[in-house]
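Remarks on the structure that follows.
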Amino acid sequence: MGQWPSPSEEDNMEKFFHVIDRTSDLVGKWASFLVVILVVAIGYDITGRYFFNIPSFWAYDMTIMLYGSYAILGTAYCHYNNGHVRMDLLYGRLSRRGRAIMDIICYIFLFFPLFTVLIWKCGNHAIWSVINGERSSASAWRPLLGPFNMAIVLGLVLFFLQGLVDFLRNIIFVAKGGNHES
């Protein structure tokens with residue numbers, strides 16, 4: 001047995017890591033533009049409702065779907081940029097290697113089981129929603145929920161993949177015996 005991973009495997013893994021990192025970065029940046037649409041929709045609704053007494057029938061559903069899509073599509077971007085909140089009470093005191101080991105354990109016992117179930121259940125519901133033409137019942141607009149549900153699944157899959165990349169990077173770091181501080 002040779003070195004783990006072999007240089008060609010390491011190159012392939014780095015290419016995979018780069019594709020996922022780049023995808024998370026691009027989707028997160030594009031999703032941020034949903035906030036602009038959200039602000040315009042809310043501004044339009046408030047202006048129409050309070051200044052002209054013309055309430056919109058679509059603003060409630062639109063704001064929920066825009067904000068929900070923005071939030072879930074931004075999770076992989078946030079993870080890629082280490083933006084999620086961590087409990088530093090113990091974690092921050094660990095060496096770089098200790099943090100990597102802690103991350104590996106948390107991925108195995110928390111992240112992967114949770115996201116496997118979320119993707120499975122949300123994916124099934126999204127497919128059902130698209131096939132059956134599910135509509136919102138929150139307002140008179142009654143928009144189709146399939147695209148929103150598919151955005152949720154896309155965000156979950158991207159977050160899962162970004163977590164997988166981080167998990168594999170930590171395993172490689174621990175296996176190679178990297179230095180103890182970052």
Side-chain angles (χ1 to χ4, degrees), residues 12-13 15-49 54-87 103-171:
N12 289 338
M13 285 176 52
K15 287 177 187 174
F16 172 72
F17 294 172
H18 179 73
V19 167
I20 299 302
D21 289 343
R22 186 76 177 129
T23 302
S24 295
D25 189 50
L26 287 173
V27 170
K29 287 177 180 176
W30 279 101
S32 70
F33 289 107
L34 293 175
V35 172
V36 174
I37 300 168
L38 178 65
V39 168
V40 169
I42 291 172
Y44 177 84
D45 183 50
I46 290 172
T47 303
R49 179 178 309 217
I54 306 169
S56 64
F57 62 93
W58 52 266
Y60 181 75
D61 283 321
M62 178 69 82
T63 56
I64 289 173
M65 290 188 289
L66 284 171
Y67 183 72
S69 298
Y70 158 73
I72 197 69
L73 291 172
T75 57
Y77 175 81
C78 187
H79 192 68
Y80 168 64
N81 289 294
N82 293 315
H84 290 289
V85 175
R86 294 184 185 259
M87 283 295 293
D103 285 345
I104 290 167
I105 292 167
C106 289
Y107 276 115
I108 291 170
F109 291 107
L110 300 172
F111 185 87
F112 291 133
L114 172 66
F115 277 86
T116 300
V117 171
L118 280 172
I119 292 168
W120 172 43
K121 297 303 272 179
C122 290
N124 284 342
H125 180 75
I127 292 167
W128 178 88
S129 180
V130 169
I131 290 171
N132 292 298
E134 181 184 21
R135 293 185 171 272
S136 171
S137 60
S139 72
W141 181 32
R142 297 189 43 82
L144 290 170
L145 292 176
F148 175 59
N149 290 332
M150 294 304 273
I152 291 171
V153 174
L154 175 62
L156 291 171
V157 168
L158 289 174
F159 193 9
F160 182 88
L161 290 173
Q162 192 62 54
L164 177 63
V165 166
D166 190 44
F167 172 75
L168 293 172
R169 282 183 174 139
N170 281 315
I171 286 181

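Residue numbers start at 1 and run along the sequence shown.
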Worksheet entry | Nearest heavy atoms of G146 and V130, plus distance in Å | CA-CG2, 3.8 Å
Worksheet item: Any side-chain heavy-atom pair from L161 and V165 closer than 4.5 angstrom?
Response: no
Fill in: Exercise: identify the closest heavy-atom pair between I37 and L66
CG2-CD1, 3.7 Å
Worksheet item: So do the side chains of I104 and I171 get within less than 4.5 Å of each other, counting heavy atoms only?
Response: yes
Worksheet item: When the ring planes of F111 and Y107 are compared, do they come out parallel, tilted or perpendicular, using 30° and 60° as the limits?
Response: perpendicular
Item to complete: Search all heavy atoms of M62 against all heavy atoms of A41 and return the closest pair with its distance.
Response: CG-CB, 4.2 Å
Worksheet, complete the sentence: Smallest heavy-atom separation, S56 atom then D45 atom, equals OG-OD1, 2.6 Å
Item to complete: Under the side-chain contact (heavy atoms from CB on, under 4.5 Å) rule, what do V153 and H125 come out as? Steps first, then yes or no, please.
Response: CA-CA 9 Å; V153 174; H125 180 75; over 6 Å; no
Worksheet entry | Gap separating the OG atom of S24 from the CD atom of Q162, nearest 0.5 angstrom | 3.5 Å
Fill in: Closest heavy-atom pair and its distance - A151, L73
O-CD2, 3.7 Å
Practice prompt. Check whether any side-chain heavy atom of R49 sits under 4.5 Å from a side-chain heavy atom of P55, and report yes or no.
Written response: yes
Item to complete: Hey, can you tell me if F167 and F112 have their rings parallel, tilted or perpendicular (30° and 60° cut-offs)?
Response: perpendicular
Worksheet item: Is the number of heavy atoms from other residues, nucleotides or ligands under 6.0 Å of F17 CZ greater than 12?
Response: yes
Worksheet item: Are any side-chain N or O atoms of R135 and backbone N or O atoms of P143, one a donor and one an acceptor, separated by less than 3.5 Å?
Response: no
Worksheet item: Which heavy atom in L164 sits nearest to a heavy atom in F16, and how many Å separate them?
Response: CD2-CZ, 4.3 Å
Fill in: OG1 on T47 to CD1 on I54, rounded to 0.5 Å
11.0 Å
Worksheet item: Is the H84-F159 ring centre distance short of 6.0 angstrom?
Response: yes
Item to complete: Determine, step by step, whether V35 and V39 satisfy the side-chain contact (heavy atoms from CB on, under 4.5 Å) criterion, reporting the C-alpha distance in whole Å, the side-chain angles of both residues, the deciding distance to 0.1 Å, and the verdict.
Response: CA-CA 6 Å; V35 172; V39 168; 4.2 Å; yes
Fill in: Proximity of Y70 and W30 rings by center, below 6.0 Å
no
Worksheet entry | Full working for side-chain contact (heavy atoms from CB on, under 4.5 Å) between C122 and N149 | CA-CA 7 Å; C122 290; N149 290 332; over 6 Å; no
Worksheet item: Going from CD1 on I119 to CG on L156, what distance comes out if it is rounded to the nearest 0.5 angstrom?
Response: 5.5 Å
Practice prompt. List the steps, then state whether side-chain contact (heavy atoms from CB on, under 4.5 Å) holds for S69 with F148.
Written response: CA-CA 7 Å; S69 298; F148 175 59; 3.5 Å; yes
Worksheet item: Taking atom CE of M65 and atom OG1 of T63, what is their separation to the nearest 0.5 Å?
Response: 8.5 Å
Discussion item. When you compare the side chains of D166 and Y80, does any donor N or O come within less than 3.5 Å of an acceptor on the partner?
Written reply: no
Worksheet item: Roughly how far, to the nearest 0.5 Å, is CG of L110 from CD1 of I105?
Response: 10.5 Å
Discussion item. As a quick check of understanding, evaluate ring pair (Phe, Tyr, Trp, His ring centres under 6.0 Å) for W120 and F115, giving each step before the final call.
Written reply: CA-CA 8 Å; W120 172 43; F115 277 86; over 10 Å; no
Discussion item. Between R169 and D21, does any side-chain N to carboxylate O distance fall below 4.0 Å?
Written reply: yes
Worksheet entry | Distance, nearest 0.5 Å, that separates CG of L144 from CG of N132 | 11.5 Å
